[in-house]
Amino acid sequence: MASTEANQAGTPALTPEEESKILQQVEFYFSDSNLPRDAFMLEQSKAHPEGFVPLRVISLFSRMKTLLKLDKACKQVPPALMDVIVGIVKRSSVLALNEDATAVKRVEDLPPVEELSKKTDEQSLYASPFPFDTTLDQLTEFFSRVGELRSVRMRRFLASKDFRGSVFLEFSSPEEAARVAGQSLVFQGAPLQLEPKLRYVARREEERDARAEGRGRGRGRH
């Protein structure tokens with residue numbers, strides 16, 4: 001059943017599936033996977049003594065605007081839609097609202113960042129190749145079917161921010177990541193290369209060092 005409150009106020013109605021995606025997205029912002037690496041969210045959380053972040057801030061993130069069917073130029077979420085967002089967040093078992101339901105925080109305290117970063121890397125995979133027009137929703141749907149997926153990070157070019165055709169995937173445990181890595185997966189007709197993130201990072205560093213060494217030898221010739 002869609003959220004009629006938003007529809008009556010002239011704002012987009014949301015289906016149960018869309019509401020579920022909104023809740024998953026808000027939970028992701030506060031998750032062990034994201035919060036330690038998200039400088040803005042971490043700063044917002046630390047700015048409040050109890051770790052609350054205003055819902056009006058979160059609701060205007062680019063991904064949230066898409067899920068809420070808001071225009072990219074939107075500067076303020078309509079009150080009726082904010083009421084719907086509050087109702088959605090109330091369903092979470094890992095988030096808590098403040099007394100006036102204007103801000104949200106994690107239920108559990110954030111563990112040490114170094115500990116979380118190590119854990120995240122150990123249960124993450126590198127995957128490629130993907131078409132450059134692949135969407136986050138397509139990737140999430142695909143990998144949710146093959147394992148207990150925690151997050152998808154689309155790797156982008158620094159200057160253009162365009163998708164570069166590869167991702168980092170975090171799963172629920174190192175064992176789950178290893179299980180997925182052992183599968184032969186095909187995405188839109190292309191066999192995927194799956195590799196533990198730590199191994200991929202180490203391999204890339206070795207390749208960069210080898211190239212630098214080769215350039216150094218070249219400059220030394222007469």
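There is no path of hydrophobic side-chain contacts, each under 4.5 Å, that joins Phe52 to Val89. Following chains of ILVMFWY side-chain contacts shorter than 4.5 Å, one cannot reach Leu136 starting from Leu23, and the two form parts of different hydrophobic clusters.
The salt bridge (charged side-chain N to carboxylate O under 4.0 Å, His left out) check on Glu122 picks up Lys118, with sequence neighbours excluded. With sequence neighbours excluded, no residue forms a ring-ring contact (aromatic ring centres under 6.0 Å, His included) with Phe163. Remark: Arg37 pairs with Asp121 by the side-chain hydrogen bond (donor to acceptor under 3.5 Å, both in side chains) rule, at least two apart or across chains.
Note that CZ of Arg56 is 10.5 Å distant from CD1 of Ile58, once rounded to the nearest 0.5 Å.
A donor-acceptor contact closer than 3.5 angstrom links the side chains of Asp100 and Thr102.
Considering only heavy atoms from C-beta on, Glu205 comes within 4.5 Å of Val201 through its side chain. Using a 4.5 Å heavy-atom cutoff, the side chains of Leu185 and Phe187 are not in contact.
By the 4.0 Å N-to-carboxylate-O rule, Glu207 lies close enough to Arg203 to be salt-bridged with it.
Counted within 6.0 Å of CD on Gln183, heavy atoms from surrounding residues, nucleotides or ligands total more than 12; the atom is thus considered enclosed. Other residues, nucleotides and ligands contribute at most 12 non-hydrogen atoms within 6.0 Å of the NZ atom of Lys46. Around atom CG of Asp109, no more than 12 heavy atoms belonging to other residues, nucleotides or ligands sit under 6.0 Å away.
Each of Lys119, Glu170, Arg150 was evaluated against Ser33; a single residue qualifies, Glu170, per the side chain to side chain donor-acceptor pair (under 3.5 Å) test.
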